[in-house]
Amino acid sequence: MEFWKLLLASGFFLAFWVLAVGGQNLPPCSFPAIYNFGDSNSDTGGISAAFEPIKAPYGEAFFHKPAGRDADGRLIIDFLAERLKLPYLSAYLNSLGTNYRHGANFATGGSTIRRPNETIFQYGISPFSLDMQTAQFLQFKARTADLYRQAKNPSERSALPDPREFAEALYTFDIGQNDLSMGFRKLSFDQFRAELPDIVNQFAIAVHRIYEEGGRTFWIHNTGPVGCLPVQLFYNLNPPAGYLDDHGCVKAQNDVAVEFNTQLRDRVIKLRAELPQAAITYVDVYAAKYGLIGAAKTEGFADPMKVCCGYHVGYDHIWCGNKGSVNGSDVYGASCQNPSAFISWDGVHYTEGANQWVTNRILTGSPSSNPAIPITQACHRH
């Protein structure tokens, strides 16, 4: 009889342990700040501050004016901040109207993980690659500590990040899409596959640097299905048989994205062993975005290959917010009437409606993420 009591008790303990590990019995995390690293998928004004500002009609759906974001409104990072009850992130490169008390955004549109060897004026690749973004973070953190020490009263300190909170902050990453796009442009698929381990290793180096500076909670997005971006078919209106998958996406490009994500996930697992005090969540954004592409009609969205903003007819393309000439007539790349019904905003970036849909899938603990926990419990190590 005692044996059965012991077995039942052990079973209860095991069930409790499984629930706890799954996140259901863990207390919510209280993140005082978010520090973000990435590309245009999470840039809240960096590239606009460094170069020419993003023009209307960008931002009009929510901010009612251009807001440094490559969308009609909010990005996933904005919805993430809302979920954690924190302000929207100010871009590190923006000198006016900023507030860094609860974090900073080092992402810039066009950024890559690896340092690029071309200028932004050639192909739109940002000079602020991930190693530069982490260097900017280190400078930001050191400068914060210096100013905090120099502050003469609590009022001055209240406008600064609290140096003690860097260890409690959430560190988010959404970068890699431009490495893939650049690889597709320069290399064959086989050549580019050989480059993936180095790209993933450069990403891991950035995480190590932030960990060494006291960062402990990391929320890492994988890259989305780049083959499903409408821009991939702007100049290929009659793709050969087998070029597209069942959802109309470029199959070979998505295959490479999946391989990159697999290597990234494996590297995240290694990072957990290398950084024993870190809580690291690998977030499967690819699954969420590809799921949206496949369920567009049932979820109330238009054809995922249709673009809301810009003029795209045949091989004539006037990009969102730009003016051009088509057959001798002036054409403006205007917004569609109902952006919330579209997945693609400008052929490369998602609309606010699509970003919100994806956010709702990943922040609550996507089954394909590792571990599958909500962002409110991401500070717990597994």
Side-chain angles (χ1 to χ4, degrees), residues 35-54 68-71 75 77 91-94 104-140 171-210 220-227 229 231-232 234-235 250 252-254 256-257 259-261 263-264 267 285-286 319 346-350:
Y35 292 98
N36 181 67
F37 306 85
D39 53 32
S40 59
N41 289 307
S42 61
D43 180 5
T44 55
I47 208 68
S48 280
F51 296 97
E52 293 186 9
I54 296 172
R69 292 157 172 82
D70 277 309
L75 309 177
I77 190 67
Y92 169 76
L93 294 173
N94 206 342
N105 194 353
F106 300 89
T108 62
S111 285
T112 51
I113 295 172
R114 290 201 299 189
R115 188 175 294 185
N117 57 2
E118 57 191 38
T119 75
I120 193 169
F121 305 107
Q122 291 174 293
Y123 297 103
I125 298 298
S126 169
F128 303 106
S129 50
L130 185 56
D131 62 332
M132 290 294 98
Q133 293 181 26
T134 52
Q136 289 170 342
F137 167 75
L138 267 59
Q139 183 180 23
F140 177 90
Y171 293 87
T172 55
F173 292 80
D174 192 333
I175 193 167
Q177 180 173 309
N178 292 314
D179 293 87
L180 269 63
S181 297
M182 191 163 61
F184 297 151
R185 172 163 46 83
K186 290 185 169 185
L187 304 170
S188 70
F189 286 120
D190 288 339
Q191 288 172 328
F192 185 50
R193 281 190 178 93
E195 300 289 315
L196 294 181
D198 182 59
I199 297 173
V200 171
N201 187 56
Q202 293 297 318
F203 183 95
I205 289 172
V207 176
H208 267 272
R209 291 180 75 185
I210 294 171
I220 297 172
H221 290 187
N222 66 10
T223 198
V226 293
L229 301 176
V231 67
Q232 309 296 8
F234 277 3
Y235 302 100
V250 179
Q253 292 187 354
N254 279 353
V256 175
E259 189 167 336
F260 169 81
N261 289 338
Q263 292 189 27
L264 179 64
R267 192 67 184 88
V285 173
Y286 183 101
W319 288 89
D346 59 7
V348 177
H349 306 98
Y350 284 43

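Predicted model only: the values in this text are computed from it and were never measured.
By the 4.5 Å heavy-atom criterion applied to side chains, Tyr350 and Leu229 are counted as neighbours. Two residues are said to be in side-chain contact when any heavy atoms from C-beta on lie closer than 4.5 Å; Ile210 and Tyr35 fail this criterion. The side-chain heavy atoms of Phe51 and Pro127, taken from C-beta on, include a pair separated by under 4.5 Å. Within the 4.5 Å cutoff, side-chain heavy atoms of Ile125 are placed close to those of Met182. The shortest side-chain heavy-atom distance between Gln136 and Phe128 falls under the 4.5 Å cut-off. Taking 4.5 Å as the limit, every side-chain heavy atom of Tyr92 sits out of range of all side-chain heavy atoms of Asn105.
When ring centroids are compared, Phe137 and Tyr171 come within the 6.0 Å threshold. Between Phe203 and Phe173, the distance from one ring center to the other falls under 6.0 angstrom.
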Verdict with reasoning, Ile120 to Ile47, per side chain to side chain contact (heavy atoms under 4.5 Å, CB included): CA-CA 10 Å; Ile120 193 169; Ile47 208 68; 3.8 Å; yes
Full working for side chain to side chain contact (heavy atoms under 4.5 Å, CB included) between Arg267 and Asn201: CA-CA 8 Å; Arg267 192 67 184 88; Asn201 187 56; 4.3 Å; yes
Side chain to side chain contact (heavy atoms under 4.5 Å, CB included) assessment of Phe37 paired with Ile175: CA-CA 7 Å; Phe37 306 85; Ile175 193 167; 6.0 Å; no
Steps toward side chain to side chain donor-acceptor pair (under 3.5 Å) verdict (Arg209, Thr134): CA-CA 7 Å; Arg209 291 180 75 185; Thr134 52; 3.0 Å; yes
Derivation of the side chain to side chain contact (heavy atoms under 4.5 Å, CB included) call for Asp70 and Asp43: CA-CA 8 Å; Asp70 277 309; Asp43 180 5; 5.5 Å; no
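Listed for the Asn254 side chain is a donor-acceptor partner under 3.5 Å among the backbone atoms of Gly227. Under a 3.5 Å cut-off, the side chain of Asn222 and the backbone N or O of Asn261 do not form any donor-acceptor pair. Remark: the backbone N or O of Gly38 is paired with a side-chain donor or acceptor of Gln133 at under 3.5 angstrom. Proximity of a side-chain donor or acceptor of Asp179 to a complementary backbone N or O of Thr112 within less than 3.5 Å is not detected.
Remark: Tyr286 OH to Thr223 OG1 distance equals 10.0 Å, nearest 0.5 Å. Expressed to the nearest 0.5 Å, how far CD1 of Ile220 lies from CG of Leu264 amounts to 6.5 Å. Rounded to the nearest 0.5 Å, atoms NZ (Lys186) and CZ (Phe192) are 11.0 Å apart. How far OG of Ser129 is from CG of Asn178: 11.5 Å, rounded to the nearest 0.5 Å. Of the inter-residue distances, the one linking Gln253 atom CD with Gln232 atom CD reads 4.0 Å to the nearest 0.5 angstrom.
Of all non-hydrogen atoms in Gly45 and Ala91, the two that sit nearest each other are C-CB, 3.5 Å.
Heavy-atom neighbours of Phe121 CZ from other residues, nucleotides or ligands within 6.0 Å: at or below the threshold of 12. No more than 12 heavy atoms of other residues, nucleotides or ligands sit less than 6.0 Å from atom CD of Gln139. By the 6.0 Å contact criterion, CD on Gln122 is enclosed, its count of non-hydrogen atoms from other residues, nucleotides or ligands being greater than 12.
With 3.5 Å as the limit, one finds no donor-acceptor pair spanning the side chains of Asp39 and Gln177.
Partners of Gln191 under the side chain to side chain contact (heavy atoms under 4.5 Å, CB included) rule, at least two apart in sequence or in another chain, are Leu187, Ser188. Remark: Arg114 engages Glu195, Asp198 in a salt bridge (Lys or Arg N to Asp or Glu O under 4.0 Å) (not counting sequence neighbours).
A salt bridge links Arg115 with Asp131: the closest approach of a Lys/Arg side-chain nitrogen to an acidic carboxylate oxygen falls below 4.0 angstrom.
Just one of Asp174, Thr172, Asn36, Thr108 meets the side-chain hydrogen bond (donor to acceptor under 3.5 Å, both in side chains) condition when paired with Ser42; it is Asn36.
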